[in-house]
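Worksheet: one structure, shown below.
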Number of protein chains: 2
Amino acid sequence: MTGSRGLLPPGGVDFNQPCVVRDVVDRVGDRWSMLVLAHLADMPQRFNALHRAIGDISKQVLSRTLRRLEEDGFVSRTVHDVTPPQVEYALTEMGSSFLEPLRALIGWAEAHHQAIVVARENFGSAQKAGATRTRA
Amino acid sequence: MTGSRGLLPPGGVDFNQPCVVRDVVDRVGDRWSMLVLAHLADMPQRFNALHRAIGDISKQVLSRTLRRLEEDGFVSRTVHDVTPPQVEYALTEMGSSFLEPLRALIGWAEAHHQAIVVARENFGSAQKAGATRTRA
DNA sequence: CCGGATCCCCTGGGATACTG
DNA sequence: CAGTATCCCAGGGGATCCGG
């Protein structure tokens, strides 16, 4: 018994209107945010350290991502006034608390990744077979 | 103590390479997928029912969203062969299991939504003040 | 009723080059 | 070192019209 009906509280989560969830997903659901948060979970890190750790992200985009995460209070940015400059990024208390649902998501993803791959293959085959998918 | 260091398993989640999580987030992290899943959590529904329930989504996009969710095995599509045609969408077992991490995310979002709003305001003020943000 | 086809726009993401 | 400035492109999202 994995499922659980009644996700939305009776009366309906305010999922549409100001849409709290979308507000969050819009920020954190992009290509890099979660990855950055996951890296910062290990320890606070400097800009180039993050850049190297992540690898295939441009400085431009990393900068934008960090900026948005800072703006929304997920990470803090601290400038150490030395030469050469050092800027340290760290999770805030809030950013840290986000690791919990994030871990849930990661767990689910790892558990079902294979199933998704299979589903895609099946779907592809069904398409080629000319079926209109499931019929009743 | 909300946080919890060590999100990534020692050795590092295979978060970058084939990136399981991104694979999932890329599908479910778009503008509508989670919303659709949440609506289907209540009960299986037909196309136009979903369309009306969600409101400000175009049929085109709803169609694409459902197609992708079906392709990845989150929802099932059943054609009832009557006139006029009826097509019923429902969560699969896997789609149902996704409600769990989704609920975690919703919970977090509702709990911290206000904090995010505040953070944005503070950030805005700090910017106008001309500060280079946090300094040490 | 359930979409597919088409067209448009806008944003996110990337490459490259340049500064304090 | 830690970014910003520019330019570009692909894809997501929307509007509208048409077909089975």
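Residue numbers begin at 1 in each chain, while the letters A, B, ... track the order of the sequences.
Applying the 4.0 Å criterion to OP1 and OP2 of dC1(D), one finds that Y89(A) has every side-chain N and O outside that range. Distances shown here put every side-chain N or O of S63(B) at or beyond 4.0 Å from the OP1 or OP2 atom of dC2(C).
The two residues V75(A) and L37(A) come nearest to each other via the heavy atoms CG1-CD2, 4.0 Å. The minimum heavy-atom distance linking L99(B) with A41(B) is given by the pair CD1-CB, 3.6 Å.
Remark: T65(B) engages W32(B), S33(B), V36(B), V61(B), R68(B), L69(B) in a side chain to side chain contact (heavy atoms under 4.5 Å, CB included) (not counting sequence neighbours). Residues meeting the side chain to side chain contact (heavy atoms under 4.5 Å, CB included) test with A119(A), sequence neighbours left out: none.
L62(A) has its CG atom 11 Å from the P atom of dG14(C), to the nearest Å. Note: CZ (R67(B)) to C1' (dA5(C)) measures 13 Å, nearest angstrom. Rounded to an integer number of Å, the gap from CD1 of I54(A) to P of dG13(C) is 12 Å. Taking atom CZ of residue R52(B) and atom P of nucleotide dG3(C), one finds them 14 Å apart after rounding to whole Å. Between D81(A) atom CG and dG20(C) atom P there is a gap of 16 Å when expressed in whole angstrom units. With rounding to whole Å, E70(B) atom CD is found 15 Å from dG4(C) atom C1'. Atom C1' of nucleotide dT4(D) and atom CZ of R77(A) are separated by 12 Å, given to the nearest angstrom. Atom CG in L66(A) sits about 13 Å away from atom P in dG13(C), given to the nearest Å.
Taken over five-pair windows at either terminus, the axes of the helix from dC1(C)-dG20(D) to dG20(C)-dC1(D) are inclined to one another by 50° (rounded to 10 degrees).
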Revision key, fill the gap. Per-nt protein contacts along nucleotides 13-20 of chain D (heavy atom under 4.0 Å; B base, S backbone sugar-phosphate only, - none) come out as BBB----B
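The list of salt bridge (Lys or Arg N to Asp or Glu O under 4.0 Å) pairs with a residue in residues 113-125 of chain A, not counting sequence neighbours, reads R120(A)-D23(B), R120(A)-D72(B). For residues 53-81 of chain A, every residue pair satisfying the ring-ring contact (aromatic ring centres under 6.0 Å, His included) rule, not counting sequence neighbours, is listed here: F74(A)-F98(A), F74(A)-W108(B).
Note that the OG atom of S58(B) and the CZ atom of R64(B) stand 7.0 Å from one another [nearest 0.5 Å]. Remark: I106(B) CD1 to R103(B) CZ distance equals 8.0 Å, nearest 0.5 Å.
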Exercise for review: Check the pair H113(A) / V24(B) against side-chain contact (heavy atoms from CB on, under 4.5 Å), numbers first and verdict last.
Suggested key: CA-CA 8 Å; H113(A) 177 239; V24(B) 171; 5.6 Å; no
